[in-house]
Amino acid sequence: MPKKLTACFIVAVVILGGLGCTRGDKQVLLRYKFIPGLKLTWHQSSKRDVKKMVGDSTVFSASSKLDATIVQKVEEVYNDGSALITEIDTWRYEKPSKDDSMIVDTVEDVRTLSMKLRPNGKIEDLQFHGEESQAKISYIKNYYEQGLPVFPTEEVSPGYSWTQTTKVILPDGNMEASTTYKVKAFVRENGYDCAVVECNGNLIIPLTPDPQDTLMVSGIDRIQTTGKLYFAYKEGFVVLQRDHWIIDGDREKLVNGKKEQYKIAVVVDVDFSLQDKVIE
């Protein structure tokens, strides 16, 4: 074979070989896997810095840390593949004692909810149990709809990305919130084979006035989110998640019959890690 043809043949083999390797890259399907009785427990820690501004002045500034235990249990799996899941969130935080402001008490709050969840992550129904305010329920539902990933129908590999867009209905018109997800790598995390999914989003969450709140606080939160999700694709659940939120909020409240406007600026860092997995 002439040298030039030999060289061309070698180059072609290298190129086609490389293309063949590209087509053969590992691909996985991102799906939650529901087993009746499966109980997952996560620990969540968060740190937040809050500022309140009236005009050009900062009238309040504080930092706080919160810890929570999140427990989810698969109660029932339906014929369409979706599942009924109960969730119990127990939050622990510190605040000054009612009896002595120099003493700090550790307080616990518990929230219980149930959801119908599809294997791709789409929430079809969400119900809260207990005495949650309608304003808080509306806020959480908006966050879940805008901020939780719905996985693509096809298998994915590093470099794959998708964007979710949600129409947000506001009093003065509609807007669109969107989050882009990108598969960055396959790694081993906490004993599981995981897909690392990065997110970058802009959420728009309206605050509806609570009829039981005499201040009738209303407004809108614009949230920039960045983060990483470690998803165990064989077992079908989240192993680790880290998020960073920057919240720019416009507020309005009623004071002595007059409306007062102010702004809030919040920076939040959240770590969410799997602690236990059992089948009951």
Side-chain angles (χ1 to χ4, degrees), residues 38-52 60-75 84-115 117 123 125-149 190 199 203 205-208 210 212-213 215 217 219 221 223 225-230 237-247 249 251 264-278 280:
L38 175 64
K39 185 177 179 181
L40 301 170
T41 302
W42 294 272
H43 173 257
Q44 179 173 306
S45 61
S46 60
K47 177 184 176 183
R48 60 182 179 181
D49 298 314
V50 182
K51 288 183 180 181
K52 176 182 176 181
F60 176 81
S61 179
S63 297
S64 61
K65 294 181 179 179
L66 294 89
D67 281 290
T69 300
I70 314 295
V71 179
Q72 287 187 349
K73 184 179 179 182
V74 179
E75 302 289 353
L84 174 64
I85 295 173
T86 58
E87 178 176 308
I88 300 175
D89 307 332
T90 305
W91 300 89
R92 294 169 296 277
Y93 57 94
E94 295 181 343
K95 72 175 186 179
S97 170
K98 292 181 179 179
D99 300 323
D100 186 347
S101 60
M102 298 300 291
I103 299 175
V104 176
D105 291 335
T106 299
V107 180
E108 270 195 4
D109 282 339
V110 179
R111 179 175 67 207
T112 303
L113 58 93
S114 60
M115 68 182 83
L117 183 67
I123 296 177
D125 188 36
L126 185 63
Q127 299 293 330
F128 290 80
H129 310 284
E131 299 181 354
E132 296 286 352
S133 71
Q134 288 303 311
K136 185 181 291 185
I137 290 173
S138 175
Y139 193 100
I140 294 171
K141 284 185 174 181
N142 269 289
Y143 171 75
Y144 277 15
E145 182 179 4
Q146 297 181 32
L148 299 185
N190 196 21
C199 73
L203 314 184
I205 311 233
L207 280 75
T208 55
D210 184 348
Q212 297 180 349
D213 178 14
L215 295 178
V217 177
D221 278 354
I223 308 176
T225 65
T226 55
K228 284 185 180 180
L229 173 75
Y230 293 73
F237 50 71
V238 175
V239 172
L240 176 67
Q241 185 169 348
R242 292 192 173 104
D243 290 315
H244 180 71
W245 302 343
I246 299 175
I247 304 174
R251 296 285 189 276
I264 64 164
V266 187
V267 178
V268 185
D269 287 291
V270 182
D271 273 15
F272 181 83
S273 58
L274 182 70
Q275 300 295 302
D276 192 28
K277 168 184 172 289
V278 298
E280 296 184 341

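Heavy atoms from other residues, nucleotides or ligands lying under 6.0 Å from NZ of Lys141 number more than 12.
Counting heavy atoms from C-beta outward, Ser45 and Leu66 have side chains that stay 4.5 Å or more apart. Here the side chains of Pro149 and Leu229 are in contact, with some heavy-atom distance below 4.5 Å. Contact check for Ile123 versus Leu148: side-chain heavy atoms found under the 4.5 Å cut-off. Between Thr208 and Gln134 there is no side-chain heavy-atom pair separated by less than 4.5 Å. Leu203 is listed as a side-chain neighbour of Tyr143, based on a closest heavy-atom distance under 4.5 Å. Counting only heavy atoms from C-beta outward, the side chains of Ser46 and Asp67 never approach each other to under 4.5 Å. The closest side-chain heavy-atom distance from Leu40 to Val71 is not below 4.5 Å.
Listed by chain and residue number, Arg242 satisfy the salt bridge (charged side-chain N to carboxylate O under 4.0 Å, His left out) test with Asp271 (two or more places apart in sequence, or in another chain). Taking Gln72 as the reference, Glu87 meet the side-chain hydrogen bond (donor to acceptor under 3.5 Å, both in side chains) condition, with sequence neighbours excluded. Residues passing the side-chain hydrogen bond (donor to acceptor under 3.5 Å, both in side chains) test with Thr106, sequence neighbours excluded: none. Applying the side-chain contact (heavy atoms from CB on, under 4.5 Å) test to His244 and every residue at least two apart in sequence or in another chain returns Thr226, Ile246, Val267, Asp269. Residues that satisfy the side-chain contact (heavy atoms from CB on, under 4.5 Å) test with Ser273, not counting sequence neighbours, are His43, Leu240, Gln275. In terms of the salt bridge (charged side-chain N to carboxylate O under 4.0 Å, His left out) criterion, Asp210 has no residue partners (sequence neighbours excluded). When the ring pair (Phe, Tyr, Trp, His ring centres under 6.0 Å) test is applied to Tyr93, no partner is found at least two apart in sequence or on another chain. Arg48 meets the salt bridge (charged side-chain N to carboxylate O under 4.0 Å, His left out) test with no other residue; sequence neighbours excluded. Partners of Lys47 by salt bridge (charged side-chain N to carboxylate O under 4.0 Å, His left out), not counting sequence neighbours: none found. For Glu280, the side-chain hydrogen bond (donor to acceptor under 3.5 Å, both in side chains) partners are Lys39, Lys73, not counting sequence neighbours. Scored by the side-chain hydrogen bond (donor to acceptor under 3.5 Å, both in side chains) test, Glu75 finds Thr86 as partners (sequence neighbours excluded). Remark: Phe128 pairs with no residue by the ring pair (Phe, Tyr, Trp, His ring centres under 6.0 Å) rule, at least two apart or across chains.
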field: side chain to side chain contact (heavy atoms under 4.5 Å, CB included) assessment of Asp49 paired with Lys51
entry: CA-CA 7 Å; Asp49 298 314; Lys51 288 183 180 181; over 6 Å; no

message: Using the rule given for side chain to side chain donor-acceptor pair (under 3.5 Å), can you reason through Arg111 versus Thr90, listing the C-alpha separation, both sets of side-chain angles and the distance that settles it, and then say yes or no?
response: CA-CA 7 Å; Arg111 179 175 67 207; Thr90 305; over 6 Å; no

task: Could you check Asp221 against Tyr139 for side chain to side chain donor-acceptor pair (under 3.5 Å), going step by step and ending with a plain yes or no?
output: CA-CA 10 Å; Asp221 278 354; Tyr139 193 100; 2.7 Å; yes

message: side chain to side chain contact (heavy atoms under 4.5 Å, CB included) for Ser114 and Asp125? Distances and angles first, verdict last.
response: CA-CA 8 Å; Ser114 60; Asp125 188 36; over 6 Å; no

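Partner of Trp42 under the ring pair (Phe, Tyr, Trp, His ring centres under 6.0 Å) criterion, out of Phe272, Tyr230, Phe237: Phe272 alone. None of Gln44, Glu108, Arg92 except one satisfies the side-chain hydrogen bond (donor to acceptor under 3.5 Å, both in side chains) rule with Thr69; the exception is Arg92.
Residue Glu145 holds its CD atom at 10.5 Å from CG of Leu126, rounded to the nearest 0.5 Å. Note: Leu113 CG to Ile137 CD1 = 9.5 Å, rounded to the nearest 0.5 Å. Distance check, rounded to the nearest 0.5 Å: CH2 of Trp91 to CD1 of Ile70 gives 5.0 Å. With rounding to the nearest 0.5 angstrom, the CD1 atom of Ile223 is 4.5 Å from the CD1 atom of Ile205. With rounding to the nearest 0.5 angstrom, the CG atom of Leu274 is 6.5 Å from the CG atom of Asn190.
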